[in-house]
Amino acid sequence: MKKVDLPKTYDAKKVEDGIYRQWEESGFFNPDNLPGDRKESFAISMPPPNATGILHTGHVTMLAIEDLMIRYNRMKGKKTLWLPGTDHAAIATQTKVEKLLAKEKLSRQKLGREKFLRRVDQFVADSRDIIRKQTKRMGSSCDWSRERFTLDEGLTRAVKEAFVRMYDDGLIYRGHRIVNWCPRCQSTLADDEVKYKNQKAKLYYFKYGLFEVATTRPETKIGDTALAVNPKDKRYKKYIGQKLDVDFGKVKVQVKVIGDEAVDPEFGTGVVGVTPAHSQVDYQMAEKNKLLVIQVIGQDGKMTENAGPYAGMSVEKCREAFLNDLKSAGLFIKEEEIDNNLSVCYRCDTPVEPLTSDQWFVAVDKPFKLKDKSKLGWKKDTATLKELAIHVVKSGKIKIIPERFEKVYFHWLENLHDWCISRQIWYGHRIPVWQRSQKHKNTKTQKQEIYVGVNNPDGEGWIQDEDTLDTWFSSGLWTFSTLGWPASAKASAGEANDLKLYHPTSVMETGYDILFFWVARMIIMTAYCLNNIPFKVVYLHGMVRTDEGAKMSKSLDNALDPLKVIEKYGTDALRLSMILGVTPGNDFKLYDEKIAGYRNFVNKLWNISRFVIQEVGDLKLIKGKPAVKTLADEWILNRLDKTASEVSKNLDEFQFSLAGETLEQFTWNDFADWYLEIAKIEKNKDEILLYVLQNILKMWHPFCPFVTEEIWSHFNSDKLLMIEEWPKTVIARSKATKQSHVADFEFIQSIITAIRNLRGENKVEPAKLVKATVVSKNKKDLIESQTEIIKKLARLEELNVETGHAPSPQDANIISAIITGAEIYLDLSGIIDVEAEKKRVAKEIAETENYIKTIEAKLANKEFVENAPKAIVDKEKEKLAGQKEKLEKLKNNL
RNA sequence: GGGCAUAUAGCUCAGUUGGUUAGAGCGUUCGGUUCACAUCCGAAAGGUCAGAGGUUCAAAUCCUCUUAUGCCCACCA
C-alpha cells in the first residue's frame, strides 16, 4: 500500500482547472448521462448574463448559489439540469459597441445596419467566450451542450411565435402614445428602464396670457394645448373652459383652460401649461380632455417644424432663445432654483425626452381566451395577463423567497400599464410585421397591407418593420424557449422531451433587482404561451456591497474582480464567502478578510483530510456505518447524523448560510478539534475516520466543489465525488442511547475545558503536566473510562477520580473548578498565583450568586409556576439546585 | 408622498413557530515550534439585543409609536 503524500497547504490554482476538465469530460453536467434511474427531475434556468463583457460579483453570487442547489440535488439522485446561456441585451450591447466604434471615429449610421450588426455579432461572440470561461472558472456544473443565446435560431423562432400568437389574440397592438425616448440610444424605453436623478433645476416664471406660469421646461410650452388648474382653486376656477390665445413673443399658442386634480395649487403659480406630446401626466390630461397633441421636439432631440422660428434648434439652444425672447417681450418674471428629479436612460444616463410616437404594445389588461386552465388553476375561460401573473403567486403556485418580495411584486403588477415592446435599435429580434402598399387594380387607390407571421411573407414589395423587440420580450420566454418551445415538426424528439421533463423549472434564482424586469415578465409570458408557470420557486439574493456598504460599480472603481479573487484565494473560498453569512434577499458585504477566512477554512478541510489520509492504511470507501468502539466514536457518529439531517433540512428550506455554518461547526470544532485529537490517543479508528471524513466531503461538495473533489481523488473510488450519493441520515441506535452517549461525552468535554481554563487562568505553560483530582458522586466510572483522553487533552501527569473525598481546599496550592456533576482540583504546587486565584474564585462566586437570584425570582413568581409548562419549570428547579450546590462548594474552597 | 428592509460584542453577521446565564467568525488580550494544519492550537475579555410603551407567567423574538440608515415604487409642472 503506497502512502499518499499531500502538500501541507492546499493550492487551489494548481488543481482547479484540471478538476473542472474532469467534470466536463465525465459528461455528468448533462442529465442524460447521469447514472442510475432518476425519476424526479430538478432544473434551473441560469439567468443569462448580458453579452456585454465580463462577469461581476453579482453573477458570481448567482453561480455559487445555483451550483450549490444543482450539485446538492444531483447528489440526491435527481435528474438535474442547469441550463446556461447569454442574453443579447439589445440596448446595452448596442450602446457598448457604439462606444467602441466611436473610438475608431466610426458610427453605426456610417456603417449601416448590415455591417453594424456584423460588428456586434463579432463583439458578442468574444464576450460570450469570456463569460463561458469565467463561468467554468467558478466551477459551475451546467450543461454546456444545452447552452443557449437569446438570438439563437430556436429562440428567435420562439420570439416570433409568441409575438404572432399574441398579435392574433389581440394582445399585441400598435398605438400612438407618449413614450420615454432616449435621444442618444434613439429608442423608446420601458417605464422601468427610466431612472431618476436628483438634481438642482431652474424653475422659470413668466407671463402666460392672463396667467403666470412656472416651469422647468419653458421650450416645451411651444407645444402647449391647454392650461390646467386645480378645480378647487378659487383663484382660477372661473376660467375653466375658456379658450385663450397666448403670445410668447415670437410664437403664439392657443390653449383651453382645464381643471385637473393633479395640479398642486401650492406649487409655482398653481397654473400648469399642458404639453401633451412631451409629458406623461399632460398626455393623460389630454386624453381625458380630448386635447390636441402637438409634437415640438423630434426624436433627434431637436425642435420640430411645429416650433416655428425655433425649428431645428437643439432643446438646450431653444430654451435659451425662448427665454431671451420672453425677456425681450417683457413676459419674463423670475427664476428660482429647485430640487428636481431628472429622468434619465438606465443604460446611458442621457436625459429622457417623453414624446409621442407609433409603437407596439402588449395589452396587460385585455382578456384573452385560455387554451388550458388546469395548470394555472384558473377558473374562468378568459383572463388578462395581469390577472394571471398575480394569481399564480397569490395561489402559491409560485413561491417567492424571501416572502416579503411578494408584496412588492403584487404592487408592481397592480400598477402595470401596457408594455411598450418596440425599440428603435438595430440589435435584437426584428419585429415580425411587414407592410406593403399596392395600387388597387381598378380604382388605382393605394391599399395598405399588413402581414404578421413567423415566416417571411410571400410576394413582392413587403417591407419589414424597422424596429426590434425589447430585450425582455425574449428573456421572458427564457425558461421554455431554451427547452425547445415551440416544438415544431423540425424539433428532435429530445427537445420536445426536455420541455416535458424540465418545465416548469424548479427554482429561479436571481437578484431582487430584476424582479420586475425579468421575473415578472417570465411569469407573464409563460402564463400566456404555455398556460403554465415558468418555475415553482423564486429565490432572490441580495446585492454585493463593499466593506463600507457601498454598491460595487465600475464607475466608482470599488468592485472586486472575481478573477483576481480566485487567483488569490481560490474559487472555493470565493464561493463560500458568497453563501455563508448571507441572508436571502439581503445585501451583503464582500471584502478581503472574509474571503481570506474561508480560504483558511478550505485549507483546514485540506489538512483534516491530509491527516486522515496519512493516518489510515487502506483508503477505501466506507459504505455502511462502521463499528463503534469508544464513547468518542459514539459521539462523533451521532453528531455526524445530526449534522447531516440539519444540513439537508436547511438546504431543502433554502437556508444555505445556516447549512454551511452547521457544517463548518461540525467539521472544525467537533471533528478536527476534538475527534481527531482523540484519534491520536485511542488509535485504530481507520473506518470511522474515513467514514466521517467521506461524509463531510460529500456535504461540503456543493459548497466548495474543487477542494472536496481533489481530496476525494485520493480514495480508492471509481466515481467522482460529484455524483456520489448525498448522506442519508440513518440512525440505527435508539434515541435514548444516543442522547445519553452524547451527554456523557459532553460531560467529559466540560471536564477537559474546565481544566484547560484553570491552567490558562493560572498561566500554566501548555507543556507543563499537572496533577488533577476529579470528584464526582455518580460519574466516577464514566470519568475513569476516559482517563487517557482527559490526561492527554488536558495535559495531566496524573488523574485521580474520587466519589466523595476531596483534597484539602485549604491547601493554597490546590485550585478548583465546579461544573455540573463534578468538582475538579488541580495541584499547582510551585506555580500558583494565589492572589489571582482568589480573585477568580471570588468573581465566580459573585456570578453564581447573581444567577441564583434570577432563578429564585422566577420560581417565586406564582404565575410562572402555574402557567408555564411543567418541563420548563422543572428545568428551572434543576438549574437552581445545581447552582446552589456549586455555590456552596465554591465557598468551601475559597 | 407610498411601501419595504435593517438596527444584536470593536467589525461582519446567526438567532427557526416567544422558554439557554443571547451565539459564531474576524479583531483584541494571555499562553503556545503538542509528530494534519501558524492559512494553526489552547484560554479569556467583550452585549441594558436602537429607544419608549404594550401583550404574556415569560419578549432579541409578537403589537404600537419614535429615532437612524439603506432600498424600492410614484413623481412635482
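All values derive from a computational prediction rather than experimental measurement. Letters A, B, ... are given to chains in the order of the sequence lines, protein chains preceding strands, and every chain is numbered from 1.
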Chemist: B:C62 and B:U69: how far apart are their P atoms, nearest whole angstrom?
Modeler: 24 Å
Chemist: Under the criterion side-chain hydrogen bond (donor to acceptor under 3.5 Å, both in side chains), which of A:Lys551, A:Arg545, A:His541 is the partner of A:Asp587?
Modeler: A:Arg545
Chemist: Can A:Lys13 and A:Asp11 be counted as an ion pair, charged N to O under 4.0 angstrom?
Modeler: no
Chemist: Check the side chains of A:Gln280 and A:Asn180 for a donor-acceptor pair under 3.5 angstrom, ignoring hydrogens and angles.
Modeler: yes
Chemist: Taking the minimum atom-to-atom distance to the side chain of A:Tyr851, which one of B:C40, B:A36, B:U21 wins?
Modeler: B:U21
Chemist: Report which part of the nucleic acid A:Ala672 touches: base, sugar-phosphate, or nothing (heavy-atom distance under 4.0 Å, all strands).
Modeler: base
Chemist: Given B:A77, B:G19, B:U21, identify the nucleotide with an atom nearest to the side chain of A:Pro869.
Modeler: B:G19
Chemist: Determine the contact category for A:Asp673: base if any of its heavy atoms lies under 4.0 Å from a base atom, sugar-phosphate if only primed atoms, P, OP1 or OP2 are that close, otherwise nothing.
Modeler: sugar-phosphate
Chemist: With sugar-phosphate meaning primed atoms plus P, OP1 and OP2, does A:Thr216 contact a base, only sugar-phosphate, or nothing at under 4.0 Å between heavy atoms?
Modeler: sugar-phosphate
Chemist: So which protein N/O to nucleotides 43-49 of chain B N/O distances come out below 3.5 Å?
Modeler:
from  : atom 1 : to       : atom 2 : distance (Å)
B:A44 : OP1    : A:Asn757 : ND2    : 3.3

Chemist: So which nucleotide from B:A36, B:G19, B:U21 ends up closest to the side chain of A:Lys879?
Modeler: B:U21
Chemist: Can you measure from CD (A:Glu677) to CG (A:Asp673) and round to the nearest 0.5 angstrom?
Modeler: 7.5 Å
Chemist: What is the distance, to the nearest angstrom, from the CD1 atom on A:Ile400 to the P atom on B:C4?
Modeler: 16 Å
Chemist: Write down the partner of B:U55 under the Watson-Crick or G-U wobble criteria, each distance required to be under 3.5 Å.
Modeler: none
Chemist: Base, sugar-phosphate, or nothing for A:Arg610, non-hydrogen atoms under 4.0 angstrom?
Modeler: sugar-phosphate
Chemist: Any idea how A:Tyr512 and A:Phe405 line up, ring-wise: parallel (<30°), tilted (30 to 60°), or perpendicular (>60°)?
Modeler: parallel
Chemist: Give none if B:A24 has no partner; otherwise give the nucleotide forming a Watson-Crick or G-U wobble pair with it, both distances under 3.5 Å.
Modeler: B:U12
Chemist: What does A:Lys862 touch in the nucleic acid at a heavy-atom separation under 4.0 angstrom: a base, only the sugar-phosphate, or nothing?
Modeler: nothing
Chemist: Out of A:Ile751, A:Ile748, A:Thr753, A:Ile752, which one pairs with A:Leu793 under the side chain to side chain contact (heavy atoms under 4.5 Å, CB included) rule?
Modeler: A:Ile752
Chemist: Under 4.0 Å between any heavy atoms, over every strand shown, what does A:Leu658 touch: base, sugar-phosphate, or nothing? Just pick one.
Modeler: sugar-phosphate
Chemist: Does OP1 or OP2 of B:G19 have a side-chain N or O of A:Lys875 closer than 4.0 Å?
Modeler: no
Chemist: If the cut-off is 4.0 Å, is A:Lys8 near the phosphate of B:C37, judged by side-chain N/O to OP1 or OP2?
Modeler: yes
Chemist: Please report, rounded to the nearest Å, how far the P atom of B:A77 is from the CD atom of A:Glu266.
Modeler: 16 Å
Chemist: How far, in whole Å, is B:A44 from B:C57 if one measures between their C1' atoms?
Modeler: 37 Å
Chemist: With rounding to whole Å, what would you report as the distance between B:U39 and B:A50 at their C1' atoms?
Modeler: 37 Å
Chemist: Indicate yes or no: at least one non-hydrogen side-chain atom of A:Phe703 is less than 4.5 angstrom from one of A:Asp572.
Modeler: no
Chemist: Identify whether the distance between the nearest side-chain nitrogen and carboxylate oxygen of A:Lys853 and A:Glu849 falls below 4.0 Å.
Modeler: no
Chemist: Both distances below 3.5 Å, Watson-Crick or wobble geometry, any strand: find the nucleotide opposite B:U29.
Modeler: B:A43
Chemist: Among B:C37, B:U21, B:C57, which nucleotide has an atom closest to any side-chain atom of A:Ala868?
Modeler: B:C57
Chemist: Quick one: is A:Trp668 getting a side-chain N or O under 4.0 Å of the B:A24 phosphate, OP1 or OP2?
Modeler: no
Chemist: Between B:C40, B:A77, B:U21, which nucleotide gets closest to the side-chain atoms of A:Gln883?
Modeler: B:U21
Chemist: Specify the residue among A:Glu677 and A:Glu661 whose closest nucleotide of RNA chain B lies further upstream toward the 5′ end.
Modeler: A:Glu661
Chemist: Is there a side-chain contact between A:Asn650 and the phosphate of B:U16, meaning an N or O under 4.0 Å from OP1 or OP2?
Modeler: no
Chemist: Provide the Watson-Crick or G-U wobble partner of B:C4, both distances under 3.5 Å; none if there is no partner.
Modeler: B:G70
Chemist: Cation-pi check, A:Arg521 to A:Trp419: give yes when NZ or CZ is under 6.0 Å from the six-membered ring centre and within 45° of the ring axis, no otherwise.
Modeler: yes
Chemist: Does the B:U20 base have a donor-acceptor partner in the side chain of A:Glu876 within less than 3.5 Å?
Modeler: no
Chemist: When we call it a touch if two heavy atoms are under 4.0 Å apart, what does A:Glu403 touch: a base, just sugar-phosphate, or nothing?
Modeler: nothing
Chemist: Which one of A:Leu769, A:Val770, A:Ile755 satisfies the side chain to side chain contact (heavy atoms under 4.5 Å, CB included) criterion with A:Val764?
Modeler: A:Val770
Chemist: At under 4.0 Å, does any side-chain N or O of A:Lys853 touch on OP1 or OP2 of B:U21?
Modeler: no
Chemist: What do you reckon, are the aromatic ring centroids of A:Trp700 and A:Phe601 less than 6.0 Å apart?
Modeler: yes
Chemist: For a quick check, with a 4.0 angstrom heavy-atom cut-off, what is the B/S/- contact string for nucleotides 69-75 of chain B, read 5' to 3'?
Modeler: ----S-B
Chemist: Separation of A:Asn861 atom CG from B:U56 atom P, in whole Å?
Modeler: 13 Å
Chemist: Which nucleotide, if any, forms a Watson-Crick or G-U wobble pair with B:C35, using both distances under 3.5 Å?
Modeler: none
Chemist: Can you see if the side chain of A:Lys589 gets near the phosphate of B:U12 - specifically, an N or O under 4.0 Å from OP1 or OP2?
Modeler: yes
Chemist: Using a heavy-atom cut-off of 4.0 Å across all strands, would you classify A:Lys792 as base, sugar-phosphate, or nothing?
Modeler: nothing
Chemist: For A:Asp547, answer base if it contacts any base atom (sugar-phosphate contacts may also be present), sugar-phosphate if it contacts only those atoms, and nothing otherwise; contact means non-hydrogen atoms under 4.0 Å.
Modeler: nothing
Chemist: Checking A:Thr215 against A:Phe206 for the side-chain contact (heavy atoms from CB on, under 4.5 Å) test, could you report, in this order, the C-alpha distance in whole Å, the side-chain angles of both residues, the deciding distance, and whether it holds?
Modeler: CA-CA 9 Å; A:Thr215 179; A:Phe206 51 88; 3.6 Å; yes
Chemist: For A:Ala228, report the nucleic acid contact type (base, sugar-phosphate, nothing); a contact means any heavy atom under 4.0 Å.
Modeler: nothing
Chemist: Does A:Lys763 have a side-chain nitrogen or oxygen under 4.0 Å from the phosphate oxygens OP1 or OP2 of B:C30?
Modeler: no
Chemist: Whole angstroms only, please: what is the OH-C1' distance between A:Tyr10 and B:C37?
Modeler: 16 Å
Chemist: Take the protein atom CD1 of A:Ile595 and the nucleotide atom C1' of B:G25, then report the distance between them rounded to whole Å.
Modeler: 15 Å
Chemist: Measure the distance from NZ on A:Lys202 to C1' on B:C76 and round it to the nearest whole Å.
Modeler: 18 Å
Chemist: Do A:Tyr409 and A:Trp412 make the cut of ring centroids closer than 6.0 angstrom?
Modeler: no
Chemist: Between A:Arg217 and A:Ile608, which residue's closest nucleotide on RNA chain B lies nearer the 5′ terminus?
Modeler: A:Ile608
Chemist: Over how many whole Å does the gap from A:Tyr598 atom OH to B:U12 atom P extend?
Modeler: 15 Å
Chemist: Please report, rounded to the nearest Å, how far the P atom of B:A5 is from the CG atom of A:Asn586.
Modeler: 10 Å
Chemist: Has A:Lys207 got more than 12 heavy atoms of other residues, nucleotides or ligands less than 6.0 Å from its NZ?
Modeler: no
Chemist: Please report the distance separating the P of B:A60 from the corresponding atom of B:G19, rounded so that it comes out in whole Å.
Modeler: 10 Å
Chemist: According to a strict under-4.0 Å criterion, is A:Asn600 in side-chain N/O contact with OP1 or OP2 of B:U39?
Modeler: no
